[in-house]
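To keep things clear, I will list the structure first and then write my remarks on it.
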Amino acid sequence: MPELPEVEVVRAGLQAHVAGRVIARVEVLHPRAIRRHALGPEDFTARLAGARVEAARRRGKYLWLELSDKEAVLAHLGMSGQMLVQPEGAPDEKHLRVRVRFADGGPELRFVDQRTFGGLALADLTGEDLLPAPIAHIGRDPMDPAFDPAAAVRALRSRRTELKRALLDQTLVSGVGNIYADEALWRAKLHWSRPTEKLTNAQGRAVLEAATEVMAEALKAGGTSFDALYVNVNGQSGYFDRSLNVYGRQDRPCGRCGTAIRREPFMNRSSYFCPRCQRRGRT
DNA sequence: ATGGTGACCTGGAGGC
DNA sequence: TGCCTCCAGGTCACCA
């Protein structure tokens, strides 16, 4: 599942292989892939023709291709989205949703997405940071040079909910998904359902530092795994699997204390944690 | 305003 | 073999 590190790998690939190129023609093969573009496929394709890609940028799990005139193609990979750079004429992928051809006749960009949770949209860039308008409300991610850890801790503690819910709330801190939330909580020795009002400053700081650390390690592990034709990760948690300490490891021993990792239902999905290292209880 | 729930979507896994 | 159910989970519409 693409969380921040995976999306950053994709962004770097797009920067290397797409930035500086002029779009010739865009083809939408599945309307759901651009459902967040309110004006529809015709508007989307018409306005992109002739546009130049200035850069590939990212905040949290969102990435965007910056165009001239303060516009951008905003992308979210959802659960299964991929950005592929393929030679023109290469066989279409089964779940190819959008094709972008370039004026230079070089490799084309393909948005492939089996489960169609992801999508593309054309958006205006707004504010000092030139963020796409639809995501102007999300928080900075921990990789952002301007990320303010103290402010992020305050934001987490201002909520009245379970710690993991707060970690997954992209308006507080962006980029953290289910996998890295569980990993960060394990590293910080905090239980996923700890009430945020009982979270101390030190604990808040610890879990954010852990999240930053684990995502940086994952990024490092993934930074070598794409080449010119495949600007992506594999859609699973992929190359970083081996380094996960709790996620998906139900009944296997905790790497710290040997206790069996437990899985609990959480928001129609799962939370994995060590019942010994990560106590629910009091501070 | 805030917090919590279910829908969206497809394919792989596992039960019978 | 084949049918069925469950599961994965990021985001958003919707509800209280």
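Convention: sequence-line order gives letters A, B, ...; per-chain numbering from 1. Note that these values count all heavy atoms, side chains included, but never hydrogens, waters or copies made by symmetry.
As rounded to whole Å, 5 Å separates atom C1' of B/dT10 from atom CD of A/Gln114. Rounded to an integer number of Å, the gap from A/Tyr180 OH to C/dG10 P is 11 Å. The nearest whole Å value for the distance from the CD atom in A/Gln82 to the P atom in B/dT10 is 16 Å. Atom CH2 of A/Trp192 and atom P of B/dG4 are 11 Å apart (whole Å). To the nearest angstrom, P of C/dC12 lies 9 Å from CZ of A/Arg35. When the P atom of B/dT2 is taken as reference, atom CD of A/Gln170 falls 18 Å away, rounded to whole Å. Nucleotide C/dG10 holds its P atom 15 Å from the CZ atom of A/Arg32, rounded to whole Å. Spacing between atom NZ of A/Lys164 and atom P of B/dT5 amounts to 14 Å, rounded to whole angstrom units.
A close approach under 4.0 Å does occur between a side-chain nitrogen or oxygen of A/Arg263 and OP1 or OP2 of C/dA8. Phosphate contact (OP1/OP2 of B/dT10, side-chain N/O of A/Lys94, threshold under 4.0 Å): absent. In terms of phosphate contacts, A/Arg36 brings a side-chain nitrogen or oxygen within less than 4.0 Å of OP1 or OP2 of C/dC12. For the pair A/Thr116 and B/dT10, the criterion of a side-chain N or O lying under 4.0 Å from OP1 or OP2 is not met. Between A/Arg165 and B/dT5 there is a side-chain N or O to OP1 or OP2 distance below 4.0 Å. Contact check, A/His76 against C/dT11: a side-chain N or O comes under 4.0 Å of OP1 or OP2. The phosphate of B/dG3 (OP1 or OP2) has a side-chain N or O of A/Arg159 nearer than 4.0 angstrom.
Residues A/Met267 and A/Arg115 each lie close to DNA chain C; by heavy-atom proximity, the contact nearer the 5' end of the strand is made by A/Arg115. Both A/His30 and A/Asp169 sit near DNA chain B, but only A/Asp169 has its closest nucleotide nearer the 5' end.
The side chain of A/Asn268 sits closest to B/dG6 out of C/dA8, B/dT10, B/dG6. Listed candidates were B/dT10, C/dG10, B/dG4. Nearest to the side chain of A/Lys61 is C/dG10.
Within 6.0 Å of the CZ atom in A/Arg101, the count of heavy atoms belonging to other residues, nucleotides or ligands exceeds 12.
Cation-pi geometry between A/Arg21 and A/Phe102 is satisfied (NZ or CZ under 6.0 Å from the ring centre, within 45° of the ring normal). A cation-pi contact links A/Arg256 to A/Trp186, judged by a cut-off of 6.0 Å to the six-membered ring centre and 45° from its axis.
With respect to A/Asp141, the salt bridge (charged side-chain N to carboxylate O under 4.0 Å, His left out) criterion is satisfied by exactly one of A/Arg58, A/Lys61, A/Arg59: A/Arg58.
Between the side chain of A/Arg160 and the base of B/dG4, no donor-acceptor pair under 3.5 Å is found.
Taking the charged nitrogens against the carboxylate oxygens, A/Asp124 and A/Lys70 have no contact shorter than 4.0 Å, which rules out a salt bridge. Taking the charged nitrogens against the carboxylate oxygens, A/Asp43 and A/Arg47 do have a contact shorter than 4.0 Å, which makes a salt bridge.
Among the atoms of the strands shown, none is found under 4.0 Å from any heavy atom of A/Phe266.
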